[in-house]
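Data block below; observations after.
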Amino acid sequence: MSEKQHLYLVDGSAYIFRAYHRLPPLTNPTGIPVGAVYGYTTMLWKLATDLDTAVGPTHLAVILDKSSQSFRNDIYPEYKANRPPPPEDLIPQFPLIRDATRAFSLACIEEEGLEADDLIASYARSAASRGWDVTIVSSDKDLMQLVGDRDGDTGAIDMLDTMKNSRIGMAEVEEKFGVLPSLVGDVLALMGDSVDNIPGVYGVGPKTATKLIQEHGSLTGALDAAAAMKTSKLKERLLEHRAMAELSRVLVTLKEDCDLPIPIEDFALDGVPPEPLTEFLQTHGFTSLLRRLDSGRGSPGRANDLNPAKQVHAAAGTNSDAEGGSRQQLPELPAIDRSAYVCVQDMDMLRQWIGRAMALRVVAIDTETSALDAMQADLVGISLGLGANDACYIPFAHGGHDLLSDTPQQVDREEALAALKPLLESDAVIKVGQNIKYDLNILARYGAKVSPVDDTMVISFDLDAGRSMDGIGGGHGMDELSQRHLGHTTLTFKDICGSGKKLIPFGQVPLDRATEYAAEDADVTWRLYQHLKPRLAIEGGTRVYERVDRPLIEVVAGMEREGVKVDRASLAKLSEGFAVEISKLEQDIHALAGREFTIGSPKQLGDVLFDTLGYKGGRKGKSGQYSTDQAILEKLADQGAPIANKVLEYRQLSKLKSTYTDALQAAINPRTGRVHTSYSLVGAQTGRLSSTDPNLQNIPIRTAIGRQIRESFVAELGNVLLAADYSQIELRLAAHMADVPTLKEAFAEGQDIHARTAQEMFGTVDRDTRAQAKTINFAILYGISRWGLAGRLGVEADEAQAMIDTYFQRFPGIQRYIVTTLESVRERGYSETLFGRKTWFPRINSKNPNERQGSERAAINAPIQGTSADIIKRAMVRMLPALRDEGLGNVRMLLQVHDELVFELPEGDVEAAKPVIEAVMAGAALPAVELDVPLGIEIGSGPSWGAAH
DNA sequence: AAGGTCACG
DNA sequence: GACGTACGTGACCTTG
């Protein structure tokens with residue numbers, strides 16, 4: 001009996017792109033970039049060491065793309081036409097990929113005129129037809145068409161995503177596409193693919209495509225059925241784009257009958273460590289792999305009988321070591337093992353965990369709650385992480401309320417919290433969380449003042465803001481970080497609790513499942529901390545994290561818990577008034593249009609304005625839809641279109657009503673009677689905060705009618721609101737950072753900066769020139785382009801260019817700032833604020849001009865906007881202690897709006913508080929940075945936020 | 001789920 | 001020669 005054969009086909013080309021984006025830009029000892037090669041090598045290593053496992057390969061080949069041209073280009077010249085060329089530092093790595101493959105003595109297949117996908121398909125079918133199992137190492141959705149279970153004498157075909165460490169079988173394909181693999185091609189043909197430039201049917205995405213194929217059984221079925229559908233956009237598009245869909249079907253079809261250049265038998269793995277490997281690893285400085293080879297541990301092609309927990313690297317490689325270049329060498333931790341997690345169900349065991357945490361001085365924590373809103377949710381359990389796979393979950397409130405008999409054994413919540421409190425509040429133990437602000441707020445409501453804390457999400461932000469690590473995203477959420485840094489796919493909340501209608505509260509989750517999920521979160525947080533915290537010191541992130549963002553966490557948590565009072569009655573009255581006005585306007589607009597339509601639909605409105613009523617205006621954008629935004633409507637109004645003003649008014653009132661007067665009433669917390677926003681510390685790439693649920697950073701102020709909403713933000717009886725804002729902080733920072741003598745002098749003398757700009761530029765100051773100067777000043781901050789400025793000023797591009805030239809001439813330093821900033825970002829990949837906060841710009845050297853220029857503008861702005869964010873954050877951190885020192889312990893800090901802080905305080909404290917607040921804000925850069933310009937502060941107070949301005 | 005629009009700094 | 005053109009956000013609405 002011959003043993004079971006299992007062929008692995010590695011989609012090498014796809015892999016190296018992903019490895020390139022995921023790994024830091026390492027170089028080998030001779031300076032050639034090898035980041036992607038390193039990723040590829042470790043992947044091959046891992047696959048080859050699986051030789052003796054049940055699902056491991058007996059045969060393996062790597063398939064590469066030889067050229068970008070294939071038979072598909074003959075059918076459709078646009079195929080893959082919009083694909084940008086590979087990044088420059090990836091190009092020299094392609095030949096090295098072949099070297100790496102050869103070093104492992106593995107087969108490497110590439111054929112002129114054939115895409116890797118077609119070769120993979122042909123090899124896979126051929127092997128499966130002989131009864132071999134096949135695993136395709138790729139995550140390409142086109143290849144999912146091939147997946148299938150064993151069927152009689154035909155072997156199974158599945159896929160393996162080595163980055164996500166997940167298998168893709170029939171079930172996964174069905175989950176993704178909603179159809180069997182044999183119909184995946186039909187779905188792909190309908191939805192198209194922007195990466196490969198496969199057209200599909202315009203307007204049909206994955207959801208619609210799946211639905212159509214499910215309903216009609218096939219692409220042809222769906223297209224044939226279109227004629228009988230009831231009138232809709234979809235029907236129209238299916239009929240119109242039928243040919244494109246059919247063409248797409250051909251393009252996504254894999255060619256399964258290619259000649260096989262090397263017979264499959266030749267792919268056999270023989271278990272002997274290949275000779276050329278050592279040399280290859282040495283040449284490229286892959287020292288940790290060399291060590292593994294030397295010590296005989298898991299050498300490729302050989303059985304790996306070692307407990308992975310014992311595979312520990314020597315710490316800290318040299319700088320010439322490719323792996324040590326930008327990342328510290330870390331001990332390799334054992335793989336996540338959820339079965340190791342402990343459910344703590346009695347006080348004795350809880351005390352043991354607390355004792356160990358106290359001794360370790362670092363504990364990862366995570367709270368599980370009944371809802372997302374930290375101001376309303378009930379605590380149902382806490383998990384602790386003390387080490388890799390050393391994590392527990394402590395449930396307090398699990399079990400059905402209706403089935404008392406089913407309630408599992410748990411510790412009493414009050415008793416448990418009383419036992420945990422000394423740990424949570426101990427100065428000697430760092431509590432690490434992923435977004436620990438949330439846990440801080442929950443636990444504060446149960447009487448625990450958690451401190452000191454560290455936050456893996458914030459650390460990730462301070463290291464990697466703006467970095468898109470693997471094309472999937474550059475976010476800082478736990479699931480993403482786990483994937484990126486640990487290569488581990490976490491259980492998601494959705495996995496455990498479901499979503500939509502089937503969502504169950506966490507307290508209803510059975511304890512075994514709850515323990516897996518909750519303890520894993522603590523485990524992953526602990527592991528991420530091991531990864532990320534050391535990077536701060538190595539990569540220069542310590543100052544901004546320790547001095548700005550880390551201390552800010554509890555300050556912001558406090559502001560969120562304070563909330564702000566809004567006057568429900570006055571909001572309700574505004575809503576009512578708006579409703580009356582809105583319905584009047586609706587009638588007027590319908591009358592002017594001559595028919596009823598949905599004014600809130602830009603599409604319908606565009607048709608009415610430009611088709612029905614025949615006003616002049618342009619089409620716009622990919623959707624082929626008329627644009628109807630404010631600027632267009634204002635132009636129409638100037639042309640004498642009465643309907644335009646009505647629509648503008650309608651839009652304004654609808655916006656105010658739905659987004660503010662209605663929504664804010666709904667946001668009042670029934671327990672506290674106040675509105676509690678949630679600030680994100682990682683929301684804006686520049687380092688600014690952002691505010692959600694509700695967003696209190698975009699409350700109207702620019703129009704009189706909107707300002708009424710600010711009047712509804714009020715103080716408690718006997719108190720007032722005080723608003724303090726930095727005046728022109730970004731321009732002041734630009735003057736300092738670009739070292740512009742004229743601007744610095746103007747700020748030092750307290751001049752009107754836009755007027756001074758007008759004087760310098762035009763030699764005269766009036767309303768017009770001042771307004772123009774103001775526009776230009778902003779244009780500078782945002783990264784100028786002559787077309788952009790021309791559009792704003794309503795002048796020709798060359799006139800705008802002349803203004804820019806004058807500006808650069810009158811304010812020398814600005815141009816130098818722009819040039820040097822861009823040079824530095826192009827070279828290093830990131831910009832930096834005066835306090836060392838980095839923002840990464842991975843597209844700064846893009847070949848796509850739009851992408852590149854967009855990055856350039858953002859990169860010019862980021863140091864300025866980011867420094868401003870650093871400064872107000874430093875002020876926030878110092879504010880309450882400074883006030884307390886002056887006996888002003890009753891002042892509460894409520895809101896931050898980028899350059900403004902809002903406080904609530906007893907009326908009698910206002911005069912004493914003002915100078916303290918002003919001093920803290922004005923001096924917030926010190927002592928780290930001494931600015932050449934003063935920071936001006938404007939302060940006002942009154943019964944409402946509106947009145948405080 | 002995406003695009004358009006608009007509120008803020 | 002066209003593209004789309006100022007930086008950073010979040011919420012709501014309509015439509016597919």
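- Side-chain to base pairing of A/Arg702 with B/dG9: one donor and one acceptor N or O lie within less than 3.5 Å of each other.
- C/dA6 and B/dA1: their P atoms are spaced 29 Å apart (whole Å).
- Contacts of A/Thr628 with the nucleic acid, taken as non-hydrogen atoms under 4.0 Å apart, involve only primed sugar atoms and P, OP1 or OP2.
- Distances shown here put a side-chain N or O of A/Arg857 below 4.0 Å from the OP1 or OP2 atom of C/dC7.
- For B/dC6, the OP1/OP2 oxygens have a side-chain nitrogen or oxygen of A/Arg651 closer than 4.0 Å.
- Separating the P atom of B/dG4 from that of C/dC3 is a span of 16 Å, rounded to the nearest Å.
- Between A/Asp549 and A/Lys873 there is a salt bridge, with a side-chain nitrogen of the basic residue lying less than 4.0 Å from a carboxylate oxygen of the acidic one.
- For the pair A/Gln853 CD and C/dC7 C1', the computed distance is 15 Å after rounding to whole Å.
- In summary, A/Glu856 and A/Arg826 engage in a salt bridge, as defined by a charged side-chain N under 4.0 Å from a carboxylate O.
- A/Lys211 has its NZ atom 14 Å from the C1' atom of B/dA1, to the nearest Å.
- A/Gln708 has its CD atom 14 Å from the P atom of B/dA7, to the nearest Å.
- A/Ile814 has its CD1 atom 15 Å from the C1' atom of C/dC7, to the nearest Å.
- Counting any heavy atom pair closer than 4.0 Å across all strands shown, A/Glu900 reaches no nucleic acid atom.
- Look at A/Asp193 and A/Lys141 and you find a salt bridge, because one of the NZ, NE, NH1 or NH2 atoms lies within 4.0 Å of a carboxylate O, short of that distance.
- Atom CG of A/Leu696 and atom CD of A/Glu560 lie 10.5 Å apart (nearest 0.5 Å).
- Of the inter-residue distances, the one linking A/Glu900 atom CD with A/Tyr726 atom OH reads 12.5 Å to the nearest 0.5 angstrom.
- If you check every strand for non-hydrogen atoms under 4.0 Å, A/Ala779 touches a base.
- Using a 4.0 Å heavy-atom distance criterion, A/Ile699 is classed as a sugar-phosphate-only contact.
- Taking atom CG of residue A/Leu696 and atom P of nucleotide C/dT9, one finds them 18 Å apart after rounding to whole Å.
- Within a heavy-atom distance below 4.0 Å of DNA chain C, the residues of residues 859-866 of chain A found are A/Asn861, A/Gln865.
- Here C/dT5 presents its P atom at 20 Å from CD1 of A/Ile780, a figure rounded to the nearest Å.
- Rounded to a whole angstrom, the distance from the P atom of B/dT5 to that of C/dT5 is 12 Å.
- A/Lys838 and A/Asp462 are not joined by a salt bridge, as no carboxylate oxygen comes within less than 4.0 angstrom of a charged side-chain nitrogen.
- The CZ-C1' distance, from A/Phe841 to C/dC7, rounds to 10 Å in whole Å.
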**Prompt:** Yes or no on side-chain hydrogen bond (donor to acceptor under 3.5 Å, both in side chains) for A/Ser691 and A/Thr677, after CA distance, side-chain angles and deciding distance?
**Reply:** CA-CA 6 Å; A/Ser691 158; A/Thr677 185; 2.8 Å; yes

**Item:** Criterion ring pair (Phe, Tyr, Trp, His ring centres under 6.0 Å) on A/Tyr615 and A/Phe610, from CA distance to verdict
**Value:** CA-CA 5 Å; A/Tyr615 291 114; A/Phe610 300 111; 7.7 Å; no

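- Note on A/Thr775: a base of the nucleic acid sits closer than 4.0 angstrom, heavy atoms only.
- For the 3.5 Å distance criterion, the side chains of A/Gln801 and A/Glu796 fail to qualify, holding no donor opposite an acceptor.
- The side chain of A/Asp629 sits closest to B/dC6 out of B/dC6, C/dA6, C/dC7.
- Side-chain atoms of A/Asp693 and A/Ser678 form no donor-acceptor pair, as typed in the model, at a separation below 3.5 Å.
- Classification of the A/His476-A/Phe461 ring pair by plane angle, with boundaries at 30° and 60°, yields perpendicular.
- For the residue pair A/Ser868 and A/Glu730, no side-chain donor N or O sits within less than 3.5 Å of a side-chain acceptor on the partner.
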**Fill in**
Scoring nucleotides 10-16 of chain C by protein non-hydrogen atoms under 4.0 Å (B base, S sugar-phosphate only, - none) yields BBSSSSS

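- With distances taken from any side-chain atom of A/Ile701 to the nucleotides B/dG9, C/dG8, B/dT5, the minimum falls on B/dG9.
- A donor atom on one side chain and an acceptor atom on the other are found under 3.5 Å apart for A/Thr757 and A/Asn777.
- What separates CZ of A/Arg792 from C1' of C/dG4 is a distance of 13 Å, to the nearest Å.
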**Intra- and interstrand pairs of DNA chain C - dot-bracket, Watson-Crick/G-U under 3.5 Å, | marks other strand** = ......|||||||||.

